[in-house]
Number of protein chains: 2
Amino acid sequence: MPASRRDQILSTAAVLFAERGFHGTSVADLGAACGMSGPALYKHFPSKDALLAAMLVSISEELLAVGTERAEAADDPAAALDALVDWHITFALANKSLIVVQDRDWAALPVEAREKVRTLQRKYVALWAAQLRSLSPELDDTEAHVRAHAAFGLLNSTPHSAFLPEDAMRAVLHDMATRALGLREESA
Amino acid sequence: MPASRRDQILSTAAVLFAERGFHGTSVADLGAACGMSGPALYKHFPSKDALLAAMLVSISEELLAVGTERAEAADDPAAALDALVDWHITFALANKSLIVVQDRDWAALPVEAREKVRTLQRKYVALWAAQLRSLSPELDDTEAHVRAHAAFGLLNSTPHSAFLPEDAMRAVLHDMATRALGLREESA
DNA sequence: CACGGATGTTAGCGATCGCTAACCGAAGCC
DNA sequence: GGCTTCGGTTAGCGATCGCTAACATCCGTG
């Protein structure tokens, strides 16, 4: 079943929320963009908030789950970080709008979903930080978290600047991220 | 005159807009946070939109103006980029909320201000891109822009992760950004 | 001292918002 | 062939929004 009505709404909403923000998008706008109008959305989601929650919880889960998997499959910390960078790039390129919405509108989530998302995100950062610390054991834990966040910022710039073909974007982002994290010391 | 009423409103608004978004902050909220209530704001700004515009136009101007100045004062492209990184870090650390608002809520600007901000931002990116290309003349122009955006993403992560004392944050961000941009090839 | 501008107040208007109610046609099932 | 379910419609409610109007207070100045 490729793309249920529900999925179509979620992806349309991601685009609109990314462009205008959650509070800047009315349910009428969203309905219209889905080819229906306004209140029809309530046949698929109990509320506008719940729609946002479904969107953000599922992406946080996927980022963490696949990230964990990729890191565990790697042979050493450097390979794990390389795999994490690769996975994050893949995800960000395939879900530009979601990436934008996630760090823009998480504050609009109802409390319960907000805490769930924050927990998942914290685990995801911790996953990166742990790999950074086993690569460089002298690294302070807080600094490792800061470095992970900085790497996310770099990689998450892609929704605002995907000017190149996908392969080229991948290459540039991979190069910059691995350099920033100290994974390589030589030029191309 | 350090901090007129107008400035106090602007900086309070920056904090609230960064937390809840432009559309998520009512003029009553903003007024209350400034120690007055609601409509009093209209004695200082003609509209809520105009307030946002004043905020974003002025920061875009400052980023570009000082950036240009710093780049011109440098002896070579590498020094210019180093100075740009340094300036951007200084600005981002001193204006965390504004950095957030700028890339979150620029779409809420009235057309005229939006175009002005976009023009200024484009010039700022072009300033970085030009330095990157004179450092590495073989670099494609589009890729240079992408690399500049990625560097901004990295540096702009600081509002979400300023867990370290300011000096340490500066050092970490400077290290990562210069590595990402290929300004150094050796470890610390 | 009168007065005018600057800066605040409260009341309230019109528009828009999220959401519910009531209704309807098509599809599937016994 | 009737009944239910599913997914859609329009009408409209109550709340909130940005903003204006009308009025109060203070303060510098001729």
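The figures that follow rest on heavy atoms only: side chains count, while hydrogens, waters and symmetry mates do not. Per chain, numbering begins at 1; letters A, B, ... match sequence-line order.
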| Of the candidate nucleotides C:dG18, C:dT9, D:dT9, which contains the atom at the shortest distance from the side chain of B:S37? | C:dT9
| NE2 of B:H23 versus P of D:dG18: gap in Å, rounded? | 10 Å
| said: If I take atom CZ in residue A:F45 and atom C1' in nucleotide D:dG8, what distance separates them, rounded to the nearest angstrom? | reply: 16 Å
| task | Please report, rounded to the nearest Å, how far the P atom of D:dC19 is from the CG atom of B:D29. | result | 14 Å
| Has B:R5 got a side-chain N or O lying under 4.0 Å from the OP1 or OP2 atom of C:dG8? | yes
| Under 30°, 30 to 60°, or over 60°: which ring-plane class applies to B:F152 and B:Y124, parallel, tilted or perpendicular? | parallel
| Distance, rounded to the nearest Å, where A:F22 contributes CZ and C:dC17 contributes C1' | 12 Å
| said: How many whole angstroms separate atom CE of B:M36 from atom C1' of D:dA24? | reply: 17 Å
| remark: Rounded to whole Å, CG of B:L41 lies from P of C:dT9 at a distance of 9 Å
| task | State which of D:dA21, D:dG18, C:dT20 makes the closest approach to the side chain of B:V27. | result | D:dG18
| query | Rounded to the Å, how far apart are A:K48 NZ and D:dT16 C1'? | reply | 13 Å
| query | Using the benzene-type ring in the case of Trp, are the ring centres of B:H149 and A:F163 under 6.0 Å apart? | reply | yes
| field | Value rounded to 0.5 Å, distance of CG in B:L51 from NE2 in B:H44 | value | 10.5 Å
| field | Whole angstrom value for the distance that separates C1' of D:dA21 from OH of B:Y42 | value | 14 Å
| message | Categorize B:K43 for me: base, sugar-phosphate, or nothing, with a 4.0 angstrom heavy-atom threshold over every strand shown. | response | base
| Got a donor-acceptor contact below 3.5 angstrom from the A:R114 side chain to the A:A108 backbone? | no
| task | Tell me whether the OP1 or OP2 atom of D:dG8 has a side-chain N or O from A:H44 closer than 4.0 Å. | result | yes
